[in-house]
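Working notes, beginning with the structure itself.
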Amino acid sequence: MQVPFLDLKAINARHAAELKAAAARVIDSGWYILGEEVKAFESDFAAWVGSPHCVGTSDGLSALILALRGWKELGLLKDGDGVAVPANTYIASILAITENRLRPVLVEPDEDTFNLGAGKLTDALTPDVKAVLAVHLYGQLADMPAIAQLCRDRGLLLLEDAAQAHGAHLGGVKAGTWGDAAAFSFYPGKNLGALGDAGALTCQDAKLAEMVRALRNYGSHEKYKNLVQGPNDRLDELQAALLRVKLRHIDADNARRQAIAARYRREIKNPAVRLPSVRAGEGSHVWHLFVVRVPDRAAFQQRLVEKGVHTAIHYPIAPHHQQAYARSLGHLKLPLTEALHREVVSLPVSPVMSDEQVAHVIAVVNA
Ligand SMILES: *Cc1c(COP(=O)(O)O)cnc(C)c1O
């Protein structure tokens, strides 16, 4: 039996008729940039997240960059300010900080959840740190009650990187509503995936929403009038129309991911395989990735692939060990982050996996 790591064709094939109808509607409309589809998706997504504002962007990285950029334009951050961020994140979180000429302050994660915790975060808060970028890594909410409280107490801005955590919640309070702002990615493989690049910002403050709305469109609030300098980072009509279809199915997809993860956590019983832990309620993790730790990763992956189980690594190189950051971050010693990057491996989890495939993964891992 083959278990692909991710079968995007199968994921979208389930909704082929709806997706094709949505694409045809855009093609026939003659309106392709910033029209009714983007507006409708922004309003649908804001309502689903439970956030007062949503601004569609070209991708998740641009949503992260523009959130911080918006705060700079509004005078809340300035060049050189520190932004605390987990050290074991996807490179995009760090890029958003450095692209804005802000300084990433790397914080070791919580050992059990791989996520930012309030304790180590508190230790990292020097006076020049003005914002926190919390990443809901692998789909699990970071410790947001404590982190949000800490940010309120210290007067820090709080940005969530929710690129992997669409729908993760604690008592119904979803990723994207804990911080002052949040960035989502709709990269095709994400829990809510477009059929190309797409992203969005959600935020609490109307002024930031208005600023990012301008920033994503050359800094223009009004056609041919530019209040600030901005890039072209717009969400396009076609992806917005496709995302409106996918949004109708995200809750069912997340529930399927949670059922698969629950089985893995119940039935994988190999002492060499360290399972991920879930800190809060089941809804707090939407299992974008099911990440285990193993001492000999290469051998483990090889044995699995021989039995048809395809795995992936998120991520093989820690951001501070990337060539891109050799000069600014390369000197840092972050033992837990470095161990995680050596030992983590992601098992397949996707809404189109069959029960038989799930059972096969469990049997192979246990063997
Ligand atoms: C995917 C991802 C991003 C970037 O999103 P893109 O849409 O690919 O630009 C940012 N942060 C995290 C944690 C991600 O997983």
Side-chain angles (χ1 to χ4, degrees), residues 5-6 8 41 45 54-69 83-100 104 106-107 109 113-116 131-142 144 158-168 175-176 178-179 181-202 212 216 231-236 238-240 242-243 246 250 254 257 276 285-291 312-319 322 324-325 337 340-341 344 346 349-350:
F5 183 71
L6 177 65
L8 282 176
F41 174 70
F45 191 68
C54 171
V55 183
T57 58
S58 52
D59 51 75
L61 175 58
S62 63
L64 283 168
I65 291 176
L66 294 184
L68 295 170
R69 175 82 186 274
V83 180
V85 62
N88 62 320
T89 183
Y90 181 55
I91 195 77
S93 325
I94 314 288
L95 287 169
I97 297 170
T98 55
E99 280 291 297
N100 276 294
L106 303 188
V107 183
T113 62
F114 313 112
N115 258 332
L116 190 61
V132 173
L133 174 43
V135 183
H136 307 308
L137 197 67
Y138 306 148
Q140 177 163 213
L141 274 186
M144 296 316 284
L158 176 54
L159 175 60
E160 301 170 66
D161 182 339
Q164 302 186 350
H166 322 71
W178 289 90
F184 288 86
S185 166
F186 309 120
Y187 180 80
K190 299 289 161 84
N191 288 32
L192 178 58
L195 280 72
D197 274 316
L201 168 107
T202 57
V212 172
R216 72 169 174 190
N232 176 348
D233 282 346
R234 299 178 298 232
L235 172 64
D236 69 65
L238 185 58
Q239 295 306 332
L242 299 172
L243 281 166
K246 299 290 292 284
I250 175 82
N254 279 345
R257 287 174 183 276
H285 204 324
V286 291
W287 303 100
H288 174 58
L289 297 168
F290 191 96
V291 177
I313 298 173
H314 301 88
Y315 298 91
I317 304 174
Q322 293 285 356
Y325 288 110
T337 294
L340 291 176
H341 281 80
V344 291
S346 308
V349 54
S350 113

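Just so you know, ligand 1 is whichever comes first in the structure, and atom 1 is the first atom listed for that ligand. Side chains are part of it too, since the values below use all heavy atoms of this structure and drop only hydrogens, waters and symmetry mates. In what follows, residues are counted from 1 in the order of the sequence shown.
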Item to complete: Kindly compute the distance separating CG (L159) from CD1 (I97), expressed to the nearest 0.5 Å.
Response: 8.5 Å

Worksheet entry | N/O donor-acceptor pair under 3.5 Å between H288 side chain and Y138 backbone | no

Worksheet, complete the sentence: Residues passing the salt bridge (charged side-chain N to carboxylate O under 4.0 Å, His left out) test with R257, sequence neighbours excluded, are none

Discussion item. Below 30° counts as parallel, above 60° as perpendicular, anything between as tilted: where do the rings of H166 and F184 land?
Written reply: tilted

Worksheet entry | For T337, the option from N88, V107, T89 that meets side-chain contact (heavy atoms from CB on, under 4.5 Å) | N88

Show the distances, to 0.1 Å, for all pairs joining an N/O atom of ligand 1 and a protein N/O atom that are shorter than 3.5 Å, listing one pair per line.
residue	atom	partner	partner atom	Å
ligand 1	5 (O)	S185	OG	3.2
ligand 1	7 (O)	G60	N	2.8
ligand 1	7 (O)	S185	OG	2.6
ligand 1	9 (O)	G60	N	3.3
ligand 1	9 (O)	L61	N	2.9
ligand 1	11 (N)	D161	OD1	3.2
ligand 1	11 (N)	D161	OD2	2.7
ligand 1	15 (O)	Q164	NE2	2.8
ligand 1	15 (O)	K190	NZ	3.1

Worksheet item: More than 12 non-hydrogen atoms from neighbouring residues, nucleotides or ligands closer than 6.0 Å to OH on Y187, yes or no?
Response: no

